[in-house]
Amino acid sequence: MPMEKVIQVENLVRRYGSLVAVNGVSFEVDRGEVFGILGPNGAGKTTILETIEGLQRPTSGRTLVLGMETYKEPLKVKARIGVQLQASAYFDYLTLTEILELFGRLYPQRIPARHLLEQTGLAEKANATVSKLSGGQKQRFTIAAALVNDPEVVFLDEPTTGLDPQARRQLWEFIQQIHREGRTVILTTHFMEEAELLCQRVAILDKGKIVALDTPAHLVRNLPAPYEIKLLAEGPLPAHELEALDGVVATYKGEDGFHFLKCTDTSQTLPALLRWAESRSVRFQQLQVVPATLEDVFLTLTGNQLRD
Ligand code: ATP
């Protein structure tokens with residue numbers, strides 16, 4: 001049976017005056033997927049998300065959610081999605097429970113506030129106001145608020161930006177839990193490790209265009225050099241000899257004395273390297289295989305770093 005397409009984006013273009021923020025983007029998201037849009041600041045991630053959610057109008061092209069065109073049926077779409085925005089403001093004098101109950105009243109179908117707070121690890125803060133929450137707790141609360149109408153599709157715009165590593169990890173676990181519940185999740189991020197961990201598929205966005213779309217593993221595997229071998233040795237390591245080893249694409253030397261071999265296949269290069277080392281009586285102090293990441297994919301495709 002073909003997968004149900006929960007989100008369809010067709011030739012989406014969004015201009016702000018002379019600036020083309022989204023320049024002909026198309027993709028589809030299947031039911032139950034966690035789909036990531038990965039790109040640097042200003043790539044157009046938020047604009048795409050907000051157009052799918054119905055918060056912005058496309059200049060041309062269209063977006064569909066659960067088969068309904070967002071721009072034509074915004075209310076029907078909004079009833080079935082949950083949206084976490086990059087910046088959220090809540091009522092200063094209401095408790096977390098009161099805010100969730102208030103939001104819940106806007107929808108025919110809702111999840112009880114108590115359940116949402118337990119799920120997000122905020123049960124102890126049920127009677128606190130938002131101003132009393134830490135950064136990580138606030139981020140979790142914004143996602144709890146996005147789940148109030150028991151949505152089938154959840155949109156998360158840079159959910160972990162500004163969080164410390166521990167709070168980020170907690171939020172990752174929470175997003176995985178939302179996924180296990182069978183919801184479709186579409187998120188934006190400029191943290192490649194977040195995309196690698198959470199997303200079944202990732203669209204890499206640069207300057208308003210998708211430059212690659214696939215599973216994180218395929219994107220990395222299709223690189224010209226998906227692995228690096230990192231070496232520290234006592235004697236000299238002549239670059240021209242290392243470059244001649246099986247499967248080596250390029251070599252370079254790091255500032256800290258390490259040598260790096262970029263290679264296509266470590267199962268070819270490692271034995272060749274060890275044979276070469278033995279024949280030259282070279283002793284390695286350190287030898288490490290480092291797989292490439294989505295950061296390398298982005299760098300290879302655009303020539304730029306993902307983060308400033
Ligand atoms: P970030 O990671 O910083 O959130 P992003 O990838 O989400 O970035 P967008 O917020 O979609 O990027 O912005 C894409 C481009 O459109 C940027 O150059 C931005 O300055 C511009 N832009 C966004 N909203 C508007 C607006 N309302 N008016 C004019 N330009 C805008």
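Treat the numbers as computed from the prediction; the structure is a model and nothing was measured. Quick note: numbers below take in every heavy atom, side chains included, and nothing from hydrogens, waters or symmetry partners. One-based numbering, in listed order, for ligands and for the atoms of each.
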Note to self: Need the ligand 1 atom indices (1-based, order shown) with element for anything under 4.0 Å from a heavy-atom of Ala43.
What the structure shows: 5 (P), 6 (O), 12 (O)
Margin query: Under 4.0 Å from a heavy atom of Lys45: which atoms of ligand 1 are those, numbered in the order shown and with their elements?
Written below: 1 (P), 2 (O), 5 (P), 6 (O), 7 (O), 8 (O), 11 (O), 12 (O)
Check: With a 3.5 Å cut-off and no angle check, do the side chains of Ser131 and Thr129 form a donor-acceptor pair?
Finding: yes
Checklist line | ligand 1 atoms in contact with Glu158 (distance to a heavy atom under 4.0 Å) | finding: 1 (P), 2 (O), 4 (O)
Margin query: In this structure, does ligand 1 have an atom that sits under 4.0 Å from one of the heavy atoms of Gly39?
Written below: no
Notebook entry, point to check: CD/Glu194 to CG/Leu294 distance, rounded to the nearest 0.5 angstrom?
Noted result: 11.5 Å
Item checked: Which segment of Leu19 sits under 4.0 Å of ligand 1 when only heavy atoms are counted -> side chain
Notebook entry, point to check: Distance from Leu219 atom CG to Met192 atom CE, nearest 0.5 Å?
Noted result: 13.5 Å
Notebook entry, point to check: Going from CG on Leu38 to NZ on Lys45, what distance comes out if it is rounded to the nearest 0.5 angstrom?
Noted result: 8.0 Å
Notebook entry, point to check: Does the cation-pi check pass for Arg168 over Phe191, that is, NZ or CZ under 6.0 Å from the six-membered ring centre and within 45° of its axis?
Noted result: yes
Next item on the list: Considering only NZ, NE, NH1 and NH2 on the basic side and carboxylate oxygens on the acidic side, decide whether Arg110 and Asp150 come within less than 4.0 Å.
Entry: no
Note to self: Please list, in number order, the atoms of ligand 1 under 4.0 Å from a heavy atom of Pro40.
What the structure shows: 6 (O)
Margin query: At less than 4.0 angstrom from any non-hydrogen atom of Ala21, what atoms of ligand 1 do you find?
Written below: 14 (C), 15 (C), 16 (O)
